[in-house]
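Remarks on the structure that follows.
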Amino acid sequence: MSEFSATLEKVAKALENNSKRFEELDSAAGDGDLGITAGKIAEGIRSGISLSTGDLKADLMMLGREISKSAPSTFGTLFATGFIRASGVVSNEYSPLENVQKGFKAAFEGIAARGKASIGERTLLDALAPALTALNDASDLRSSLSSAAIAARAGAKATAEMMPRHGRAGWIGERAKGLEDAGANVIAVVFEALQ
Amino acid sequence: MSEFSATLEKVAKALENNSKRFEELDSAAGDGDLGITAGKIAEGIRSGISLSTGDLKADLMMLGREISKSAPSTFGTLFATGFIRASGVVSNEYSPLENVQKGFKAAFEGIAARGKASIGERTLLDALAPALTALNDASDLRSSLSSAAIAARAGAKATAEMMPRHGRAGWIGERAKGLEDAGANVIAVVFEALQ
Amino acid sequence: MQKILNIPKEFVSEMLEGILQAYPTQLKAVDGDNQALTRADAPIAGKVGITTGGGSGHLPLFLGYVGKGLLDGVAVGDVFQSPTADQMLAVTKQVNSGAGVLYIYGNYGGDVMNFDLAAELAAAEGIRVETILGADDVASAPKGEESRRRGIAGIFFLYKVAGAAAAAGKSLDEVVAITKRAAAQTRTMGVALSPVTLPTVGHPTFEVKAGEMEIGMGIHGEPGIRKAKLETADQITTELISAIKSDLSLKSGDKVCVLMNSLGATPPEELYIMYRQVKKIFSGDGIDVARVYVGEFATSLEMAGASISVIRVDSELLGYINAPAHTPFFTQV
Amino acid sequence: MQKILNIPKEFVSEMLEGILQAYPTQLKAVDGDNQALTRADAPIAGKVGITTGGGSGHLPLFLGYVGKGLLDGVAVGDVFQSPTADQMLAVTKQVNSGAGVLYIYGNYGGDVMNFDLAAELAAAEGIRVETILGADDVASAPKGEESRRRGIAGIFFLYKVAGAAAAAGKSLDEVVAITKRAAAQTRTMGVALSPVTLPTVGHPTFEVKAGEMEIGMGIHGEPGIRKAKLETADQITTELISAIKSDLSLKSGDKVCVLMNSLGATPPEELYIMYRQVKKIFSGDGIDVARVYVGEFATSLEMAGASISVIRVDSELLGYINAPAHTPFFTQV
Ligand SMILES: Nc1ncnc2c1ncn2[C@@H]1O[C@H](COP(=O)(O)OP(=O)(O)O)[C@@H](O)[C@H]1O
Ligand SMILES: Nc1ncnc2c1ncn2[C@@H]1O[C@H](COP(=O)(O)OP(=O)(O)O)[C@@H](O)[C@H]1O
Ligand SMILES: [Mg+2]
Ligand SMILES: [Mg+2]
Ligand SMILES: [Mg+2]
Ligand SMILES: [Mg+2]
């Protein structure tokens, strides 16, 4: 298994290990299916790994397609969109750090466009945006990923004070306050697994 | 108000006064609507009285039509059928006793034909049949009606030991045993009011 | 009582008002009585008139089948109650074009009494009336006592055959003959999963416990043949179809039409899960399903449960079943 | 859980199996995936393809509107869940005859994400895709925030208009323009009287207490705008119609079509009682009801409750609404 695949496997495992927590958060403010979605994303990731060709661009596209097939909920589709958009910008000519930076930037922009959400609206973007900033501020891959993990976690924490406007949680408004956003938590877990 | 109308008014009142009892009996073995039906028959009788012309034949037909309009349940329709069939056989040329005997005979036959029930099957027929015999055995109107009332009541009592085969009670079978038939009880009340 | 109602005892009159307002070009009331309804264009010259009647609470039964290619008129009773003989008589007179009238309705005491009386009064006015009863419920009486059986959703096939034959210009005798043939080939068996609440009563009038079911319970809560723990869709379907198959002596090579009916609250999704099993059984037996209807055809307010009706068809019966029809509640092209 | 089921998690696959077995001449699965369905005769040469999609549990939504004069294909999700982008893509490719494809579906996050992704992938394969969202639920967001509104039963009118326009040979741009006009004129408002139970969950996923109701609750149990004691049919109807009237700025002389929809367990009898009041209000306001539909159009399994949809029509929109259509679940002549 390539290093890339091994890292993805770590992400899949982390998603499974935390599915209970995701379910709890999504139950409180949404419809409680984010634990299931996390499990299905893990399945999609594994199925993408098994089809891996070694070509980063093709593999990211494949991962996105497989995740979208196995996890069709809002979050699953946004997650898959990130891979598909990243696929469009990575290249073998770039350094790993460059690919990570460009890939996550494209993922962030694609997800924001697809979900039509803005920063501060209590979504996964509120964990992804600070992580992206941290990635860009760093000069080597290792430190970039570890500071991104810290930033994503802080971002997820901060969602507890935000009013939801998107997804099913958007319908409950004020009542969500005090609780962290479920999707932002998934992002934090993903970055913690990547480092 | 003619004597005929006054007698019918007594029947109407008796039906209303006993509606609770009819409801109880029909609830135990049928669908519990016989109390309501009795009230509606009383209404139909009063509406027939109000349209009375003094011609016995025409008045019985009118009573039957009015009862069938206001009380469309099984029992109401059978009851109405009795009046309509009686209307076909009475005549101003007969004595009151003859008219009572011929009228109830035609009513009995019409009800039996319409309901396709036989004696002993736990229906109103089991009160009406002994009453009819008593009417025929008597030689004056007064005694004929009083012995018919006694016979109808005894007939109604006897239904407690019969297995129902008709109406909604037919569906519960054995479970009806020990209770008198609701419709037979109505007949007993009617004859008690007539005497 | 989770019902959208005004005054409970006005349930039927308000419903009928709404229906007449919804379909003013298709239905009309006879002599201003909304409980005596006919096609707006009745009587149809030269056509045998077909009427039905029965209590309310079973939509689309009974009035929903009044329209082109189906019935001409209907007498509408209160919830679960027979309409009056007078109402049926008024409908009869309105739909009669001189070709005679056929009554088709379910085998319930009150209805039989009233409609027999109506037929008697109509005959006295010179209208020829014939009657065919829907008595398709296998669960309501054993073989040999078919005439005691209640009528439930299978009556749809009788309406369809009679309506199409009459629309095709058949005489009263011919319509009677073909409809009798349809009745002889039709069986239904159902299962109830919940009771119903009559608007004027306000609480359930009988009981079906959560987690249980009653096989063969009637659409007014008449006792069925077996109470049991709620089984799987395949088990229930197999039991219903087995009873129908044996009562109708279905055999390999037979052709049937099937009607999957919800009693009200059971959603169509569940009917299709059941149909999957019906099709499996019939395929295994070499029985050909020529047509299937799935939906609400004879309901009991908000009762949960379903029934399966089967009619064995030859090409003539199938031709009539496949004929077009158009009413406010049922359209087939 | 009073449901007729086998294995709860096979609910959707068994239902789809039953549906395909019931209508083999009308529907087909794309590449053997029963969750990607199209008309059996798709693609129709030269015609704009119209597809929809969404979660299961809402029959006849969504797949019930696939057929002549209506839609060409549908992606079917699990109960209350979006289908995948891949399924929508497969349907898109199957129904595209070269004239382009229009997506019409309800405004729910999961669906929007997936179908936007599908559209993106279809575009990459050279298929032109346009999208119009059903967002008719007045209760789900205030005026000024219409784009946040959820789609419920009013989507029927969008399907009807788009389907008829496409069947009449209109181009994709023309179909989009007329359907947008229909969407701008359509509003729905509903009331829930009971919760629903998802087959895989086994107990109600939200609460509506006996004797209470929730005005504006969504068809998946999304919170409404007002919980209250259950009111009369006339009171409820007046509240729903008032909200629609003011949101749509209906005025004397306007012509509308009305759709009275049961969420599942509420029987048609009650819908007609409500319609009586709708008609009374509109008559009083000088608003003309050109057509009314009454029945189940967008349900939520066995949920009790109802919704009222209104579309303001001109003669072009009304012409498309009145055009014939024929699917396994909906026939209009
Ligand atoms: N429009 C959106 N843009 C970005 N993120 C979103 C959006 N809608 C939902 N999310 C994220 O998805 C999470 C919920 O995902 P999921 O449970 O799959 O959605 P749902 O059940 O609402 O369809 C939320 O916690 C939020 O982080
Ligand atoms: N076929 C029948 N022939 C004679 N009497 C009958 C018949 N069916 C029912 N009855 C009588 O009618 C009574 C019930 O009447 P009712 O409550 O109006 O009928 P249901 O509720 O069954 O329609 C029974 O107690 C019985 O006496
Ligand atoms: Mg969720
Ligand atoms: Mg979800
Ligand atoms: Mg009774
Ligand atoms: Mg009764």
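Chain naming here is simple, since letters A, B, ... match the order of the sequence lines and numbering starts at 1 in each.
Within the 6.0 Å centre-distance limit, the rings of Tyr105(C) and Phe115(C) are counted as a close aromatic pair.
With a threshold of 4.5 angstrom between heavy atoms, Gln35(C) does not approach chain B through any atom at all. Contacts of Leu89(C) with chain B are made by side-chain atoms alone, with heavy-atom separations under 4.5 Å and no backbone atom involved. With a 4.5 angstrom heavy-atom cutoff, Gln87(C) does not touch chain B via any of its atoms.
The only option from Tyr108(C), Phe80(C), Tyr65(C) that meets the ring pair (Phe, Tyr, Trp, His ring centres under 6.0 Å) definition with His58(C) turns out to be Phe80(C).
Smallest separation of non-hydrogen atoms from Arg149(C) and Asn107(C): O-ND2, 2.8 Å.
The candidate from Leu121(C), Val112(C), Asn114(C) with the greatest count of non-hydrogen atom pairs under 4.5 Å with chain B is Asn114(C).
A heavy-atom distance below 4.5 Å is found between the side chains of Glu14(C) and Asn6(C).
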